[in-house]
Amino acid sequence: MKTAGKSQPHKAPVLCNMFSELLEGTTLEVARRLIGCTLSYNAPEGVMAGIINETEAYTEEDPACHAYGGKQTRKNQTMFQESGHLYIYLIYGMYHCANLVTEEAGRGSAVLIRSVLPTEGVELMIQNRNYKEKNLKNLCNGPGKLCQAFNWNLSLDGLDLRKKNSKITLHPASSPPTKVIETPRIGITKGVELPWRFYSI
DNA sequence: ATATGGATGGCCT
DNA sequence: GGCCATCCATATG
């Protein structure tokens, strides 16, 4: 090992480190705070990125949560890892959903990333989704669409975003959105009354 | 413009 | 065997 102790000024900063303060606090706080942040993926084919504009919070106490009651299974075990891990699951046999794990290890909680506004690698995303429309507003505006655009699947489940050189990174908003709206969550049958969905326009 | 129903597979009981 | 934190094509006003 002959790695230099100090970083060299000319060394290309291939990836930014995640700002850990983005994931501090309760799942609800994180879900709210992630609105406006940039999610980026350094894929083999190129970088893809988007600004998060819709999230949902899920915690152990919530009957709609995969980790409800703290029950660990094979599928949900990433939710019980430390905050900063990526939890991906398959839904309806054909789509994937991406979540950022929150809170401390042992507590099953996460924020579902429901939508991003594409900012980088748009051509790749269009390819990945076989997207026909001209307007990009429907390219990543849904949890399944987002994973399809970024080409994310179960193989990325459990990825630790806190690691240096993580393929997936989070960047804080340059200026936080002026208005974040909260509503009940989408597509669930339990915990429907909780206003745990956040979005901005 | 909104409403419907079919596709699909890993995981749980 | 039965869920499912979904999407899209198709059908109708």
Side-chain angles (χ1 to χ4, degrees), chain A residues 23 26-35 37 39 48 50 52-81 83-103 107-118 122 124-159 161 168 170 180-201:
Chain A
L23 295 178
T26 66
T27 302
L28 229 50
E29 288 167 348
V30 174
R32 163 72 176 72
R33 190 185 301 130
L34 286 177
I35 301 295
C37 295
L39 187 60
M48 290 176 274
I52 298 170
N53 62 355
E54 184 178 348
T55 60
E56 282 178 3
Y58 289 88
T59 75
E60 273 190 16
E61 294 74 25
D62 156 32
C65 179
H66 291 169
Y68 180 48
K71 200 168 76 168
Q72 297 197 36
T73 65
R74 178 165 29 175
K75 167 179 156 178
N76 72 11
Q77 62 176 344
T78 299
M79 294 191 83
F80 293 85
Q81 309 267 66
S83 154
H85 287 260
L86 183 72
Y87 170 48
I88 294 201
Y89 62 88
L90 176 70
I91 189 167
Y92 301 121
M94 42 190 340
Y95 296 104
H96 298 273
C97 291
N99 304 249
L100 292 175
V101 174
T102 54
E103 305 190 24
R107 259 185 60 79
S109 51
V111 171
L112 170 66
I113 311 299
R114 287 191 54 86
S115 172
V116 306
L117 295 169
V122 170
L124 274 173
M125 295 183 186
I126 288 173
Q127 260 187 359
N128 289 340
R129 294 234 316 118
N130 193 22
Y131 190 74
K132 310 287 190 196
E133 302 175 42
K134 273 190 178 172
N135 195 322
L136 298 181
K137 77 179 166 77
N138 294 322
L139 182 55
C140 304
N141 66 336
K145 294 177 180 182
L146 166 58
C147 286
Q148 201 171 46
F150 281 80
N151 194 22
W152 288 354
N153 56 44
L154 291 180
S155 69
L156 292 172
D157 178 46
L159 194 82
L161 273 66
I168 297 173
L170 204 53
V180 174
I181 301 154
E182 54 178 81
T183 73
R185 295 167 296 179
I186 305 290
I188 54 172
T189 55
K190 288 166 265 184
V192 288
E193 70 287 350
L194 300 171
W196 287 6
R197 171 174 174 249
F198 301 87
Y199 69 91
S200 69
I201 31 176

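So that the names make sense, note that chain A is the first sequence line, chain B the second, and so on, each numbered from 1.
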Hey, does the side chain of [X] come within less than 4.0 Å of [N]'s phosphate (OP1/OP2), counting only N and O?
X: Lys190(A); N: dA5(C); result: no
X: Thr73(A); N: dC11(B); result: no
X: Arg129(A); N: dC7(C); result: no
X: Lys75(A); N: dG9(B); result: no

Closest listed nucleotide, where the reference is the side chain of [X] and the choices are [options]:
X: Gln148(A); options: dT6(C), dC12(B), dC8(C); value: dC8(C)
X: Cys97(A); options: dC12(B), dG9(B), dT6(C); value: dT6(C)
X: Tyr92(A); options: dC7(C), dA7(B), dT6(C); value: dT6(C)
X: Lys71(A); options: dT13(B), dC7(C), dA5(C); value: dT13(B)

Mind checking the P distance from dA5(C) to dT13(B)? Whole angstroms is fine.
15 Å
Taking atom C1' in both dC8(C) and dG10(B), compute the distance separating them and give it to the nearest angstrom.
22 Å
For [X], which contact category applies under a 4.0 Å heavy-atom criterion: base, sugar-phosphate, or nothing?
X: Arg74(A); answer: sugar-phosphate
X: Gly144(A); answer: sugar-phosphate
X: Lys132(A); answer: nothing

Pairing partner of dA5(C) (Watson-Crick or G-U wobble, both distances under 3.5 Å):
none
Under a 3.5 Å threshold, yes or no: a donor from one side chain and an acceptor from the other, between Asn141(A) and Lys145(A)?
yes
Is the closest side-chain heavy-atom distance between Pro184(A) and Val192(A) below 4.5 Å?
no
Under the side-chain contact (heavy atoms from CB on, under 4.5 Å) rule, collect the residues that match up with Cys65(A), sequence neighbours excluded.
Tyr58(A), Asp62(A), Ala67(A), Met79(A)
With Glu103(A) as partner, the option from Thr59(A), Thr26(A), Thr27(A) fulfilling side-chain hydrogen bond (donor to acceptor under 3.5 Å, both in side chains) is Thr27(A)
Who passes salt bridge (charged side-chain N to carboxylate O under 4.0 Å, His left out) against Asp157(A), sequence neighbours left out?
none
Polar side-chain atom of Thr55(A) near backbone of Ala31(A) as donor-acceptor pair, under 3.5 Å:
yes
Judged by each residue's nearest nucleotide on DNA chain B, which is more toward the 5′ side, Tyr95(A) or Leu154(A)?
Tyr95(A)
Would you say whether Tyr58(A) stacks on dA5(C)? The test is a distance between ring centres of less than 5.5 Å and an angle between planes of less than 30°.
yes
Output a table of nitrogen or oxygen pairs between the protein and nucleotides 3-5 of chain B separated by less than 3.5 Å.
none

